[in-house]
Amino acid sequence: MKQILPLLFILISSFCVVAQKDCRVAEYQQQVISNNPQLLNRYTAIENFTRNSLNTPTAVAAADSAKAAVPAIIVIPVIVHVLYNNVQQNLSDAQVMSQIEALNRDFRGTNADKINTPAYFAVVSADAGFEFKLARIDPKGYATSGIIRKQTNIQMFGLDDRIKYNRIGGDDAWDSKKYLNIWVGNIAGGVLGYTSKPGGPAEVDGVVINTSAFGTVGLVAAPFNLGRTATHEIGHWLNLRHTWGDAYCGDDEVDDTPQQRGSNRGCPSGEKITCGTSLHGDMYMNFMDLTNDACMFMFTNGQSKRMRALFAKGGARYDLLNSTALTGMPVIQPIVNPVPAPTASQEVQVSVYPNPAGSFVILSTSENEAVTDGQITIYNNIGQPVISLLMSGNRLSINVSHLPAGMYVIRKVNGGTVSVTKFIKK
């Protein structure tokens, strides 16, 4: 619901930290601005660009459609940084993939619980037009699974962005013009997640999610076990505000979300009129409110337009449209320390599953094999190397979603030992 508010308050309020479904807006954003006061000018420019983009008449926009058109489906390359203090916190591939799948359902409007949207709000419920995929190519051009796992001596991370810096126990961001960085770790104080704002410092750009609220399987804990914390936070990363505009009956800069007095929690039901300006009251089932995961299930057309405005030519996230993190053929990673040529008697079999494979294969070797860096090379059916990467330990997840269907050979060289196996990409 439109309403004029001081621009400074709007800019500060657009940055959310969810803490047990509470929000520490000013605490985190003021911290970022105090470190770099010039950011306020950048945030203001992005908001002005967004407003102009949304208010541009269709006829004017059409004149430059070849340059300004935003794809119907915007695909976002994702790199997930898993920070764990103990092995129990090291998320499985299945938990990571469950979060990606949940994001795709929520942002495409294919989530099954969307059917619970009341008819009077269903008319503005939207397919926001975003899809998320784990990155296939890292910043150096090498193949990646889109998941980084790093053990840290930090037991709990706070709101100081420590999780985002390798030198102090976190993990450095990948290029924010090419990737959406998602950090997952144990966050203090029951905080479920927090996010950066479009136009903020590149080294902290992205989303942080608590291990217990990431995905839909594994270590997640009800009532935040359907992946909606990441949906909510990525909404902020895409320039959405809370539905109440972070003020008493405030403004979220979206026309088709009704005014509401403040946040909703738990699982409300029926019509809940708190501001008196809406026929049906609060849209508490919106992803940008603070209800339980099972009770939020929609974005609106207006929210979709606001998010997509970032990807117009000149928009704050336009560069992501040109990312090569999901396309092309990865370069072959060089072997830093060449190993001696093994003899045939040294060949051993390794296991790979699932087989046939879809998006990923898991490579595992015997537990008694020495845990040292091994060179992994995957060859296609005519003997060409298509993926090369290093393996540490006895288990490795490999992203093969970009490979054509067919038969492939995996060869692992570890010291004087060669491990060979085959798999089928369906």
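As a basis for the values below, the full set of heavy atoms in this structure was taken, side chains included, without hydrogen atoms, waters or symmetry mates. Given the structure is predicted, the values throughout are model-derived calculations rather than measurements.
- Distance CG/Asn86 to OH/Tyr84: 10.0 Å, rounded to 0.5 Å.
- If you check the side chains of Tyr194 and Asp161, you find a donor sitting under 3.5 Å from an acceptor.
- Residues Phe130 and Phe311 bring their aromatic ring centres within 6.0 Å.
- Note on residues 119-131: pairs passing salt bridge (Lys or Arg N to Asp or Glu O under 4.0 Å), not counting sequence neighbours, are Arg108-Asp127, Arg108-Glu131.
- Side-chain contact check for Asp252 and Thr243: no donor-acceptor pair (N or O, by modelled atom type) lies under 3.5 Å.
- With rounding to the nearest 0.5 Å, the separation of NE2 in His280 from OH in Tyr120 is 6.5 Å.
- Arg317 meets the salt bridge (Lys or Arg N to Asp or Glu O under 4.0 Å) test with Asp205; sequence neighbours excluded.
- The ring pair (Phe, Tyr, Trp, His ring centres under 6.0 Å) check on Phe297 picks up nothing, with sequence neighbours excluded.
- Residue Asn239 forms a side-chain contact (heavy atoms from CB on, under 4.5 Å) with just one option from Glu47, Met307, Glu253, and that option is Glu47.
- A salt bridge (Lys or Arg N to Asp or Glu O under 4.0 Å) check over residues 97-107, counting only residues at least two apart or in different chains, returns the pairs Asp106-Arg228.
- A cation-pi arrangement is absent between Lys425 and Tyr408 under the rule of less than 6.0 angstrom and at most 45 degrees off the ring axis.
- The CD1 atom of Ile154 sits 12.0 Å away from the CE atom of Met156 when rounded to the nearest 0.5 Å.
- Note that the OG1 atom of Thr152 and the CG atom of Asn166 stand 9.5 Å from one another [nearest 0.5 Å].
- Taking Asp282 as the reference, nothing meets the salt bridge (Lys or Arg N to Asp or Glu O under 4.0 Å) condition, with sequence neighbours excluded.
- Side-chain contact, Asn399 with Ser401: a donor N or O sits under 3.5 Å from an acceptor N or O.
- In summary, the aromatic rings of His232 and Phe287 are positioned with their centroids too far apart to meet the 6.0 Å limit.
- Between the side chains of Ser304 and Arg306, no donor N or O sits under 3.5 Å from an acceptor N or O.
- In this structure, a donor-acceptor pair under 3.5 Å is absent between the side chains of Asn301 and Asp256.
- Applying the salt bridge (Lys or Arg N to Asp or Glu O under 4.0 Å) criterion to Arg149, with sequence neighbours excluded, gives Asp93.
- Looking at Asn36, its side chain never comes within 3.5 Å of a backbone N or O of Val32 through a donor-acceptor pair.
- When all heavy atoms of Tyr179 and Asp138 are compared, the pair lying nearest together is OH-C, 3.0 Å.
- Atom OH in Tyr353 sits 5.5 Å away from atom CD1 in Ile362 (nearest 0.5 Å).
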